[in-house]
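Basis for what follows: all heavy atoms, side chains included, without hydrogens, waters or symmetry-related copies.
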Amino acid sequence: MRNAYTTTGTIGDGPHGSAGDASGDFDFSAVHASAGQQLTVATSGDLDTVVVLYDATGTVVAADDDGGPGLLSLLDFTIPASGDYYLMVAGYGLGTVLPEDPFDSGSGLGAGKEGAYGLSASLVFSDLDFYAVDLVAGDVLGASVTGLGTRLTVRDPGGRVVFGSEQDASFIYAPNAPLPGGGNAVVSYVTPRDGRYTLEVGGSGTGQYDVTVEAYRPGPEALEQGTTQTLFLDFDGARINTAIFGGPGVRTLSPLQGFLGKWGLTAADEDKVIDQVIAAVRENILADAKARGTDPRVGLTILNSRDNPDAFGKPNVHRIVVGGTIAESGIDTIGIAQYIDPGNYATEDTALVLLDVLSDPTGDASLNTYITPASNKIKFIGRALGNVISHEAGHLYGSFHTDPLNATPNLMDAGGAFPGLFGVGPDNIGGTADDVDYDFGEDVYTPDEGLAGVEDTLNTTAWALVKGKAK
């Protein structure tokens, strides 16, 4: 195929159309393309078309039915690898669209719709603009693009994609976060180390765009020298306005103690469970950030409702309420954070960890599913709750979800990564010797949320907890 061409054709005029053996008529064009080129294919006319792209082995790599106006096709695809491809046009028909063997013209399963069509196709390298930004560890990079720019990609000094976006997710930032938003695509990235980072701007057409690129230091660094973020774990239940999470309003949430019996524990076990929860949160967030992070001034004070007066409402105190149910809160979830806050500019927000699903008799998201007589029940429940709490804290400190379906365990794995998030090991029993220590670290963003690249949840958390530096 040339770089661009326009042609016409007729489905049904060959020997396999309805006037022939009726196995189905398919028109093919050969395409030789290079990796990274953008293939755009559009049909015109009155025929209800389907377009399919095969690679050299006959494997379908892209397809479109009604992406164009009405019943016409519009395929927009980035070529993944250099080589030969084959573009097929067919008439729509239930169960009759694809031949069984694209290299055998008589292998169709029946004729679909037939008639004349127009075809236009182009194969070009997308025009990309690059901006270099010299940053130091802990800088919070933000960017937003408007106009014909539709895609932003941040690369680290080694060229690795660390944040790619074709959407504006800035609505989940804290209101006082200074990062730019409101464009076609928005990115935010906390830099783990010094170096020259690049911002790539891409678009779907030719024309002008406006890009805003800004960098800030983490919010807590502007606090008085030595000030640390406080995380208050509330096990006593709470009266809370759930509207901050999109809920129905002021609700009262029941305490942790009311759920212990559902795990086969008693009120006498509560202190031991809380001890395990605090130990897990401390290890997941503070100890790991100090041991493996790039922030030399990381700090966090962890308080709880058993041992300390209620600190929420005081400056620089985050609260995570551990208790309550979906019915009590009016929110259908296990955990939810008020914001995703790269750079930690809202140091006094709230998260919930509801306990009804976690204490159900059965279900992938119930701790009871993984408890057997072999379990160290208190250790397992405390660790699992500590992991879920750490996940929600990770959002407050700026991390998005990571991929729950790959082989890399991460405390920010998206919902449904059970039993992994609970730390259950290969024996599928919680509280045994093969349990897994889930941590923050490097992992890819979950593809379900439209972000691309490798996320460093450890250093995003570590720099959100930098001690105050102002004098």
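Between V31 and Y86 the shortest side-chain heavy-atom distance does not fall below 4.5 Å. No side-chain heavy atom of L396 sits less than 4.5 Å from a side-chain heavy atom of D341. Taking 4.5 Å as the limit, every side-chain heavy atom of K467 sits out of range of all side-chain heavy atoms of D295.
Taking the six-membered ring for Trp and the full ring otherwise, F400 and F163 have centroids separated by under 6.0 Å.
For the side-chain hydrogen bond (donor to acceptor under 3.5 Å, both in side chains) with W463, the lone residue among T294, D456, D139 that qualifies is T294. Among L358, L355, L354, the one residue that satisfies the side chain to side chain contact (heavy atoms under 4.5 Å, CB included) test with V322 is L355. Checked options V213, V211, D168, V186; the residue passing with S144 is V186 (criterion: side chain to side chain contact (heavy atoms under 4.5 Å, CB included)).
Taking OH of Y397 as the start and OH of Y339 as the end, the distance is 15.5 Å to the nearest 0.5 Å. Residue S399 holds its OG atom at 7.5 Å from CG of N410, rounded to the nearest 0.5 Å. Between the CG atom of L152 and the CD atom of E166 there is a distance of 9.5 Å, given to the nearest 0.5 Å. Rounding to the nearest 0.5 angstrom, the gap separating the CD atom in Q229 from the OG1 atom in T347 is 5.5 Å. Interatomic distance, OH of Y197 versus CG of D134, reported as 10.5 Å (0.5 Å rounding).
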**Request:** Just do the ring pair (Phe, Tyr, Trp, His ring centres under 6.0 Å) check on Y85 and H32 with the steps written out, would you?
**Result:** CA-CA 6 Å; Y85 294 83; H32 184 78; 8.6 Å; no
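The aromatic rings of Y54 and F28 sit tilted, their planes meeting at an angle between 30° and 60°.
Formation of a donor-acceptor pair under 3.5 Å by the T198 side chain with backbone atoms of A132 is not found in this model. A donor-acceptor pair under 3.5 Å is formed between the side chain of S107 and the backbone N or O of D104. N387 places a side-chain N or O within 3.5 Å of a backbone atom of L421 that can act as its donor or acceptor partner. Using modelled atom types, one side-chain atom of N344 and one backbone atom of A464 make a donor-acceptor pair closer than 3.5 Å.
Remark: D13 engages T10, D25 in a side-chain contact (heavy atoms from CB on, under 4.5 Å) (not counting sequence neighbours).
For the residue pair Y209 / D129, a side-chain donor-acceptor distance below 3.5 Å is found, with atom types taken as modelled.
Note on E283 versus K290: no salt bridge recorded, every NZ/NE/NH1/NH2 to OD/OE distance being 4.0 Å or above.
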